[in-house]
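Chain letters run A, B, ... following the sequence lines, proteins first, then strands; residues in each count from 1.
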There are 2 protein chains.
Amino acid sequence: MKAKKASPAALGRPREFDADAALDAAMRVFWQKGYLGTSLSDLTEAMGINRPSLYAAFGNKESLFRKALARYSAGPAAYVSRAIDEPTARGVAERMMRGVAELGTSSCNPAGCLWVHGTLSCGDTSDPVHKELSAHRASTIATLRRRFARAVGEGDLPAGSDPGALARFVATVNFGLAVQAATGASRAELLRVVDTALDAWPAGGKAARS
Amino acid sequence: MKAKKASPAALGRPREFDADAALDAAMRVFWQKGYLGTSLSDLTEAMGINRPSLYAAFGNKESLFRKALARYSAGPAAYVSRAIDEPTARGVAERMMRGVAELGTSSCNPAGCLWVHGTLSCGDTSDPVHKELSAHRASTIATLRRRFARAVGEGDLPAGSDPGALARFVATVNFGLAVQAATGASRAELLRVVDTALDAWPAGGKAARS
DNA sequence: ATACTTCTGTATCGATCGGTACGGATAATA
DNA sequence: TATTATCCGTACCGATCGATACAGAAGTAT
């Protein structure tokens, strides 16, 4: 992100590790082991740095986790924002669900989804991390709802459709796919689930159903 | 379960607490905080006993968690086995999904589902608890698959239906509902998701669709 | 009453947790 | 080259983790 030689000054000894690569490694550890399941020793080992360097560069464990979440959203989970831009509501739903199914079963990534794993692997609902993750869930659903409401206005979805219900349905299937991926379901199995879920999708646009 | 005065002998000093009530309390703590999020101090406080009594009666933390899971399956999550006995495949699916939606948002229970919360709140996939929970997931899906295969044979589902895909779909929605319940979704919202999911259900029996 | 068995409570174990103090090393600035 | 600011590595902090040793209390059996 930040250019290495952009800042002219950079007084003092420059850091010897790549902060981006280190954050990437931290993200993958959290992704695999969850928030509570990840210790600082796990992190420093995977990031290739020692503890004081971690604290100087990223703050404490919670702060590092939030940065890892942001990187996850902008990187591996970018399928979400790309899905919103699909031209049809059905395309949005399909891209959302296929996205998590493929990401969560990629052989070069940890299984499952960092958001889901992180949400359920911090203390109880009073934990600030839990609250932030719950807020993010609500925000994503709201974004989907607005997108589907637009589709109703465009005739892309039948007039009687409930955008909120459809948004929550897509989110629910996505969370379920993430849980299944985290517990060893195969990509082929999950893609069949996506197809089944899409059978529930209300026809609209050129071919209205009911 | 075990009667207090049934055994005639019971040599030595009898225990002063109700083991069933204590296990019930432990189950609820795990349900609310997850496996890693629950400490022994949390447990002893909720169970009203001290640490050596806990170890004598239930073994270590992992053993207690397994007993809590068994109690959860036989108690709050008994809707699963009841759902299997529904006369129609659609009834099975509906009862499964409504079951988790209502259980996970009950005001007198912790939010979410102990199985899902437990699975994602133990270490990584190498953890024995994680392996057992994954196996339980696979077992539940297999039971659903057999039930739906029977429904195909009975004409309750269309001949071309894929019982495995339907079973995984129902399980996926259930997991997703549990995640949503754990992050604060309301019962009304989740029941609408169930209705949306049931729109995907293939018509059969009296009213074949395609 | 005595012996024996089991439970309860305190007090503590070694290990690990997240987080830091501090000194030596390294580079840019002057 | 001297100064200054930052980073790296060791070694350690208090707190908490899961798990237990031990002694006294409370029962049954003889």
> Are the side chain of B:Arg192 and the backbone of A:Ala165 linked by a donor-acceptor contact shorter than 3.5 Å?
Replying inline: no
>> Is the phosphate of C:dG9 approached by B:Asn50 (side-chain N or O, under 4.0 Å from OP1 or OP2)?
In response: yes
> Excluding sequence neighbours, so at least two apart, what forms side chain to side chain contact (heavy atoms under 4.5 Å, CB included) with A:Arg145?
Replying inline: A:Ala142, A:Pro163, A:Ala167
>> Could you work out, with side chain to side chain donor-acceptor pair (under 3.5 Å) as the rule, every residue matching B:Thr38, not counting sequence neighbours?
In response: none
> To the nearest angstrom, how far is A:Phe58 atom CZ from D:dC7 atom C1'?
Replying inline: 14 Å
> Side chains of A:Ser63 and A:Asn60: is there a donor and an acceptor less than 3.5 Å apart?
Replying inline: no
> Whole Å only: how far is the CZ atom of B:Arg15 from the P atom of C:dG9?
Replying inline: 13 Å
> Is A:Ser53 near enough to D:dC8 that one of its side-chain N or O atoms lies under 4.0 angstrom from OP1 or OP2?
Replying inline: yes
>> Quick check: any donor-acceptor pair below 3.5 Å linking the side-chain of B:Arg13 to the base of D:dA25?
In response: yes
> Along nucleotides 14-23 of chain C, 5' to 3', which nucleotides get a B, which get an S, and which get a -, given that the test is a protein heavy-atom distance under 4.0 Å?
Replying inline: ---SBBBB--
> By side chain to side chain donor-acceptor pair (under 3.5 Å), which residues pair with B:Asn50, not counting sequence neighbours?
Replying inline: B:Ser53
> Taking only residues two or more places apart in sequence, or in another chain, which ones meet B:Trp115 in a side chain to side chain donor-acceptor pair (under 3.5 Å)?
Replying inline: B:Ser73
>> Just the rounded figure in Å: distance from P of D:dA26 to CZ of B:Phe17.
In response: 17 Å
> Rounded to whole angstrom units, what separation is found between the CE atom of B:Met47 and the P atom of D:dG18?
Replying inline: 13 Å
>> Test your reading of the model: is there a side-chain donor-acceptor pair from B:Thr44 to the backbone of B:Ser41, 3.5 Å cut-off?
In response: yes
>> Contact list please: residues 25-33 of chain B against DNA chain C, heavy atoms, distance less than 4.0 Å, in numerical order.
In response: none
>> Under the salt bridge (Lys or Arg N to Asp or Glu O under 4.0 Å) test against A:Glu86, which residue among A:Arg98, A:Arg150, A:Arg95 passes?
In response: A:Arg95
> From C:dT6, D:dA29, D:dG27, pick the nucleotide closest to the side chain of B:Leu11?
Replying inline: D:dA29
>> Do A:Lys61 and A:Phe30 have side chains that approach each other closer than 4.5 Å (heavy atoms only, starting at C-beta)?
In response: yes
> Rounded to whole angstrom units, what separation is found between the CG atom of B:Asp18 and the P atom of C:dT8?
Replying inline: 12 Å
